[in-house]
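After the structure tokens below, expect a handful of questions from me.
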Protein chains: 2
Amino acid sequence: MNRRIRVGIAGYGNLGKGVQQAINQNPDMELVAIFTRRDPEELAKETGTTVERLDNAGQYINRIDVMILCGGSATDLPDQTPQLVKLFNTVDSFDTHAKIPEFYEKVNAAAVEGGKVGIISTGWDPGLFSMNRLLMQAVLPQGKEYTFWGTGVSQGHSDAIRRVTGVKAGVQYTVPVQEVIERIRSGETPELPTREKHRRNCFVVAEEGADQEAIRSTITRMPDYFADYDTTVTFITEEELAREHSGMPHGGFVIRSGVTGNGSKQIAEFGLKLDSNPEFTASVLIAYARAASRLSVEGVAGAKTVFDIPLGYLSPKSPEELRRELL
Amino acid sequence: MNRRIRVGIAGYGNLGKGVQQAINQNPDMELVAIFTRRDPEELAKETGTTVERLDNAGQYINRIDVMILCGGSATDLPDQTPQLVKLFNTVDSFDTHAKIPEFYEKVNAAAVEGGKVGIISTGWDPGLFSMNRLLMQAVLPQGKEYTFWGTGVSQGHSDAIRRVTGVKAGVQYTVPVQEVIERIRSGETPELPTREKHRRNCFVVAEEGADQEAIRSTITRMPDYFADYDTTVTFITEEELAREHSGMPHGGFVIRSGVTGNGSKQIAEFGLKLDSNPEFTASVLIAYARAASRLSVEGVAGAKTVFDIPLGYLSPKSPEELRRELL
């Protein structure tokens with residue numbers, strides 16, 4: 001085997017933790033250090049590895065092949081990726097779909113300046129789902145395509161619940177409507193706004209003495225978040241919440257229903273069922289870190305997306321092995 | 001739009017016909033000519049387009065950007081691809097998995113010699129299924145992966161039925177075992193030989209007066225083909241066969257069941273449900289013809305597989321459009 005790919009992790013929330021675990025599953029990778037804005041000493045104890053202040057990342061320029069950025073899309077990545085890609089090859093999971101074009105341009109300029117590769121917006125959506133949308137559209141130009149999310153926790157909707165008076169804690173699951181999926185799988189191509197494709201199931205811990213019916217009504221009538229959806233509110237205890245709803249499952253489907261020739265129906269579907277959303281996203285980041293390292297060795301510089309990178313770059317196997325074993 | 005991609009079709013069976021139809025769905029492509037070993041005049045009437053003898057393909061060197069090879073893997077492609085890729089960029093669906101490495105080397109040498117691009121073994125398996133096997137393995141290195149085929153017609157098994165004494169006509173469907181798929185989808189990772197993943201359903205037209213029980217017994221006991229499988233034999237009339245079994249449906253699934261972190265189950269699945277196997281395969285060939293044309297314009301030469309080509313090359317959309325609309 002060649003020298004291992006030396007990885008840095010910038011940001012240590014659930015995603016960063018997932019990346020650390022994923023590195024252990026990939027013998028061609030090694031973790032050099034975690035970079036944080038928290039107290040490095042404390043985090044070093046927690047993680048059992050080298051932890052540095054994010055501000056000191058520059059000292060690692062020649063010791064890290066790829067920096068994996070595990071911050072959030074709202075406030076971290078828009079600044080961090082353009083800064084760090086001047087110093088390191090980077091991979092991130094920037095997922096604010098509407099701002100991707102602008103983000104791409106910023107990262108590209110910085111990456112070209114630094115002579116580095118910055119792979120943006122990996123993960124599963126954007127990421128694997130995007131790849132399947134592209135692939136299915138290219139193969140079946142006449143057709144209709146659907147993306148469903150869930151069953152999984154929506155952070156934004158969970159936050160909205162928790163702001164309701166009388167709510168102590170709560171979590172919201174986005175649930176794809178199975179009947180609709182079955183209609184599409186059997187060849188129908190209905191016009192469906194997002195709200196007809198998903199249900200919203202809320203599990204709520206009420207404050208002692210709170211009016212549960214008032215809470216239920218406030219939630220189900222909340223505009224934008226719940227009013228347009230088929231929403232259920234279930235009241236549970238704090239213990240139940242901790243026991244049954246502390247996981248981070250997610251998933252979803254991309255389905256394209258196309259037509260070829262004289263009306264032949266052709267249906268393609270890609271689906272994920274994930275026990276842990278951050279661990280899976282981390283696993284995708286790691287595969288793209290491998291690609292970033294290889295592209296950089298080839299002399300490539302600039303921002304890249306999942307659309308720009310041959311699949312072979314994601315695998316530790318050689319092109320010969322891939323042709324023999326997987327083609 | 002740039003100049004359209006000028007396409008030739010070499011071989012006009014079901015696949016070639018599908019390619020002709022697929023070109024009509026892709027406004028950035030145009031069909032220049034069909035090349036055949038049959039009588040060109042007769043085929044020109046049938047297809048309503050220019051038809052040439054395959055031997056005269058060389059006269060089209062500067063008039064065709066990509067030649068799509070629609071011959072069979074057993075006897076046509078092993079010779080045709082290496083010959084034609086010296087003259088044209090090519091795309092084929094060579095699908096004898098065990099012989100792909102050898103085929104790749106032969107095509108690569110010829111393509112480099114001709115300064116052309118030869119994309120081999122596209123379609124859905126090899127092709128889209130291979131891409132998903134690679135992608136899922138790269139993202140979930142700890143896991144187990146399954147490929148199921150069907151429901152669809154197996155030509156080899158249909159031929160085997162038709163060789164049985166007393167059989168006038170017949171067709172065999174390979175059917176994935178739904179119970180097994182559901183076990184895997186729910187997180188189990190059983191060890192499964194191919195025969196436990198698929199059933200074989202035979203529809204047979206018996207000769208008049210033939211012994212149906214003898215036919216059934218011969219089929220179900222046939223070594224290699226049926227003996228190890230759960231096989232059903234249903235006798236039907238010639239009219240039924242023509243009416244119900246003349247389509248070419250197919251499909252299947254690639255499922256990978258992986259584990260990340262401290263035991264989180266992560267399941268990824270890609271599936272196809274196809275009314276027309278040749279039309280869908282043709283649609284994949286067309287998307288890769290677009291890629292072949294672009295790679296060639298960039299100066300690339302040599303044999304390529306679906307593992308070597310960025311997904312963006314398959315789409316008529318620009319990188320900017322893809323980032324904005326599909327990422």
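Order of the sequence lines sets the chain letters (A, B, ...), proteins ahead of strands, with each chain counted from 1. Every heavy atom of this structure was used, including side-chain atoms; hydrogens, water molecules and symmetry mates were not.
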Practice problem: For each of A/L134, A/V284, A/L140, A/L272, tally heavy-atom pairs with chain B at distances under 4.5 Å, and name the one with the top tally. | Solution: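 Result: the option with the highest number of such pairs is A/L134.
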Quiz item: So which part of A/Q266 gets closer than 4.5 Å to some heavy atom of chain B, the side chain, the backbone, both or neither?
Solution: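 Both backbone and side chain.
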Quiz item: Which atoms of A/E105 come close to chain B, meaning under 4.5 Å heavy atom to heavy atom: side chain ones, backbone ones, both, or neither?
Solution: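 The side chain, not the backbone.
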Self-check item: Under 4.5 Å from any heavy atom of chain B - which part of A/M136
Solution: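 For A/M136, the side chain is the part near chain B, not the backbone.
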Quiz prompt | Top of A/P101, A/G261, A/G127 for chain B proximity - count of heavy-atom pairs under 4.5 angstrom | solution =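 With the most close heavy-atom pairs to chain B, the winner is A/G261.
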Practice problem: Against chain B, label A/V259 side chain, backbone, both or neither, depending on which of its atoms sit under 4.5 Å from a heavy atom there. | Solution: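 Backbone of A/V259 only, per the 4.5 Å heavy-atom cut-off to chain B.
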Self-check item: Among A/T122, A/V117, A/V107, side-chain contact (heavy atoms from CB on, under 4.5 Å) partner for A/K304
Solution: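 Only one option passes, and that is A/V117.
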Quiz item: Using a cut-off of under 4.5 Å for heavy-atom pairs, which of B/R185, B/R324, B/Q137, B/H97 has the most such pairs with chain A?
Solution: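 Of B/R185, B/R324, B/Q137, B/H97, B/Q137 has the most heavy-atom pairs under 4.5 Å with chain A.
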Exercise. Could you label the plane-to-plane angle of the A/F270 and B/F270 rings as parallel, tilted or perpendicular, counting under 30° as parallel and over 60° as perpendicular?
Key: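 Ring orientation, 0 to 90° scale: tilted.
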Quiz item: What part of B/D125 lies closer than 4.5 angstrom to a heavy atom of chain A: side chain, backbone, both or neither?
Solution: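 Looking at B/D125, just its side chain touches chain A.
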Exercise. Give a yes or no on whether the backbone of A/P82 and the side-chain of A/K106 come within a donor-acceptor separation of less than 3.5 Å.
Key: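 No.
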Exercise. Looking only at non-hydrogen atoms, find the nearest pair between A/P316 and A/D28 and report the distance.
Key: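 Heavy atoms only, the tightest pair is CB-OD2, 3.8 Å.
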Quiz prompt | Option in A/A287, A/P141, A/S315, A/G18 with maximal non-hydrogen atom pairs under 4.5 Å from chain B | solution =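 Ranked by heavy-atom pairs under 4.5 Å with chain B, first place is A/P141.
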Self-check item: Presence of salt bridge, B/E145 and B/R133, under 4.0 angstrom
Solution: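 No, this pair does not count.
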Quiz item: What's the spacing between A/I184 CD1 and A/Y146 OH if we round to 0.5 Å?
Solution: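 So the CD1 of A/I184 and the OH of A/Y146 are separated by 4.5 Å.
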Self-check item: Structural part of A/L285 lying under 4.5 Å from a heavy atom of chain B
Solution: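 For A/L285, no heavy atom lies under 4.5 Å from chain B.
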Quiz prompt | Minimum heavy-atom distance between A/A301 and A/A111, given as atom pair plus value | solution =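 Shortest heavy-atom contact: CB-O, 4.2 Å.
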Self-check item: Heavy-atom proximity to chain B below 4.5 Å, by part of A/I255
Solution: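 A/I255 has no heavy atom closer than 4.5 Å to chain B.
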Quiz prompt | Spacing of B/E279 atom CD and B/L15 atom CG [to the nearest 0.5 Å] | solution =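 Reported to 0.5 Å precision, the distance equals 10.5 Å.
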Exercise. Over 60° means perpendicular and under 30° means parallel, so classify the ring planes of B/F253 and B/F148, tilted if in between.
Key: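 B/F148 and B/F253: perpendicular rings.
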Quiz item: Does any heavy atom of chain B fall under 4.5 Å from the side chain of A/A268, the backbone, both, or neither of them?
Solution: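 For A/A268, heavy atoms of backbone and side chain both lie under 4.5 Å from chain B.
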Practice problem: Take B/Y288 and B/I68 through the side-chain contact (heavy atoms from CB on, under 4.5 Å) test and state the conclusion after the steps. | Solution: CA-CA 9 Å; B/Y288 277 95; B/I68 301 185; over 6 Å; no
Quiz item: With a 4.5 angstrom heavy-atom cut-off, which part of A/K17 approaches chain B: side chain, backbone, both or neither?
Solution: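 Contact with chain B is absent: no heavy atom of A/K17 under 4.5 Å.
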Quiz prompt | Proximity breakdown for A/L135 and chain B, heavy-atom pairs closer than 4.5 Å | solution =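 For A/L135, the contact with chain B is made by the side chain alone.
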Practice problem: Please look at A/F280 and chain B and tell me whether the side chain, the backbone, both or neither of the residue comes under 4.5 angstrom of a heavy atom of that chain. | Solution: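 Backbone plus side chain of A/F280, per the 4.5 Å heavy-atom cut-off to chain B.
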Exercise. Under 4.5 Å heavy-atom distance to chain B, tell me which part of A/T305 shows up: side chain, backbone, both or neither.
Key: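 Just the side chain, heavy atoms under 4.5 Å.
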Quiz item: Pick from B/L311, B/L327, B/L314: which one has the most heavy-atom pairs with chain A under 4.5 Å?
Solution: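 The answer is B/L327.
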Practice problem: Could you check which of B/N262, B/V306, B/N24, B/N132 has the highest count of heavy-atom pairs closer than 4.5 Å to chain A? | Solution: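 Looking at each option in turn, the highest pair count goes to B/N262.
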Quiz item: Checking side-chain contact (heavy atoms from CB on, under 4.5 Å) against B/M248, which of B/N14, B/D275, B/V153, B/T281 comes through?
Solution: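 Among B/N14, B/D275, B/V153, B/T281, the one that satisfies the side-chain contact (heavy atoms from CB on, under 4.5 Å) with B/M248 is B/N14.
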Self-check item: Under 4.5 Å from a heavy atom of chain B, the part of A/E269 involved
Solution: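 Interface part for A/E269: both.
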Self-check item: Most contacts with chain A, counted as non-hydrogen pairs under 4.5 angstrom, among B/G263, B/A282, B/S264
Solution: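 Heavy-atom pair counts peak at B/S264.
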Quiz item: In terms of heavy-atom pairs under 4.5 Å, which option from B/E320, B/Q142, B/K317 contacts chain A the most?
Solution: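 Greatest number of close heavy-atom pairs with chain A: B/Q142.
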Self-check item: chain B contact via A/I100 - side chain, backbone, both or neither, heavy atoms under 4.5 Å
Solution: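 For A/I100, side-chain heavy atoms alone lie under 4.5 Å from chain B.
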Quiz item: Can you name the nearest heavy-atom pair linking B/N108 to B/A303, along with the distance?
Solution: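 For B/N108 versus B/A303, the nearest heavy atoms are OD1-N, 2.8 Å.
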Quiz item: Can you name the nearest heavy-atom pair linking A/S130 to A/P126, along with the distance?
Solution: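 Here A/S130 and A/P126 meet closest at OG-CA, 3.3 Å.
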Quiz item: Quick one: are B/V139 and B/R256 in side-chain contact, heavy atoms under 4.5 Å?
Solution: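 They are not in side-chain contact.
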Quiz prompt | Top contributor to chain A contacts, counting heavy-atom pairs under 4.5 Å, from B/Q21, B/R290, B/K273 | solution =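 Of the candidates given, the most pairs with chain A belong to B/K273.
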